[in-house]
Amino acid sequence: MKYLKVGIIMGSQSDWSIMKESAIILEELRIPHEKKIISAHRTPDRLWKYGEAAIESGIAVIIAGAGGAAHLPGMMASKTQIPVIGVPIPTKALSGLDSLYSILQMPKGYPVATMAIGSPGASNAALLATSILALNDSEVAKRLMEWREALSRSIEETPKE
């Protein structure tokens, strides 16, 4: 079975303002994806079911955004062998540092690739997920290289006066 779908999961609706950046990049790269709200604390049964069924449903990479205690990426990593990419969501109290540290500090055996806090992290999570898919799909690799080349061309060589 060829897996090409990316799962974008987040702890709450309020996380979508950041996590939509992952979806935008995946859409630009024509990578099939789905979006789900799965709270590690408020919907643990949903988390368990999603993690256990991910491979069967064609998910190849999971991007998990979470704020505060930010347990979603790590808990998802404990329920599946699929690569999990964590996106720390900014918080009011600590500007997302709490989220970042929570996602970074995983015990041995349950890795989570951790991105930067906020929108840049969500965008890069989609690019990392695409890079993972590109390892086994030359069409995805081609689209990713074209996307990067277009980004490079969009950068001016000299500053405007």
Side-chain angles (χ1 to χ4, degrees), residues 1-26 29 31-138 140-141 144 147-148:
M1 178 178 204
K2 190 173 186 181
Y3 301 109
L4 277 179
K5 191 163 42 171
V6 174
I8 301 172
I9 62 173
M10 64 213 78
S12 67
Q13 177 64 46
S14 63
D15 297 340
W16 178 241
S17 64
I18 299 297
M19 297 309 294
K20 71 180 175 186
E21 299 301 325
S22 290
I24 289 168
I25 297 289
L26 293 172
L29 291 164
I31 303 297
H33 59 282
E34 65 181 24
K35 305 167 281 274
K36 302 280 183 190
I37 296 173
I38 300 174
S39 171
H41 303 110
R42 292 171 291 182
T43 63
D45 292 341
R46 192 181 302 170
L47 184 151
W48 256 225
K49 287 176 188 169
Y50 190 86
E52 290 172 346
I55 291 174
E56 226 173 77
S57 66
I59 301 288
V61 181
I62 296 171
I63 299 171
H71 292 141
L72 179 61
M75 291 303 296
M76 188 56 66
S78 78
K79 292 304 294 177
T80 186
Q81 64 189 29
I82 293 170
V84 176
I85 304 169
V87 178
I89 302 294
T91 57
K92 291 179 184 174
L94 297 171
S95 303
L97 282 177
D98 50 345
S99 311
L100 174 67
Y101 291 151
S102 180
I103 296 170
L104 278 173
Q105 295 298 329
M106 288 302 300
K108 181 180 178 179
Y110 302 96
V112 173
T114 308
M115 299 291 104
I117 298 168
S119 294
S123 294
N124 280 336
L127 292 167
L128 180 57
T130 302
S131 294
I132 292 167
L133 297 176
L135 291 171
N136 294 306
D137 189 315
S138 61
V140 171
L144 179 58
W147 188 93
R148 287 182 173 169

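These numbers were taken from a predicted model, which means no experiment stands behind them.
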Flag side-chain contact, heavy atom, 4.5 Å: Tyr50 against Ile59: yes
Under 3.5 Å: donor-acceptor pair, side chain of Thr114, backbone of Val112: yes
Closest heavy-atom pair and its distance - Ser22, Ala122: OG-O, 2.7 Å
Ser102 side chain vs Ala69 backbone, donor-acceptor pair below 3.5 Å: yes
Set of residues satisfying side-chain hydrogen bond (donor to acceptor under 3.5 Å, both in side chains) with respect to Asn124, sequence neighbours excluded: none
Test side-chain contact (heavy atoms from CB on, under 4.5 Å) applied to Ile85 and Ile8, Val6, Val61, the passing residue: Val61
Donor-acceptor under 3.5 Å (Thr130 side chain, Ala126 main chain): yes
Residue pair His71, His41: steps toward the side chain to side chain contact (heavy atoms under 4.5 Å, CB included) verdict: CA-CA 8 Å; His71 292 141; His41 303 110; 2.7 Å; yes
Pairs satisfying salt bridge (Lys or Arg N to Asp or Glu O under 4.0 Å), at least one member in residues 72-96, at least two apart: Glu52-Lys79
Check: Gly11 main-chain N/O paired with Asp15 side-chain donor or acceptor under 3.5 Å: yes
Expected output: side-chain Thr80 to main-chain Ala77 donor-acceptor under 3.5 Å: no
Side-chain (Ser99) to main-chain (Pro90) donor-acceptor, under 3.5 angstrom: no
Set of residues satisfying side-chain hydrogen bond (donor to acceptor under 3.5 Å, both in side chains) with respect to Ser95, sequence neighbours excluded: none
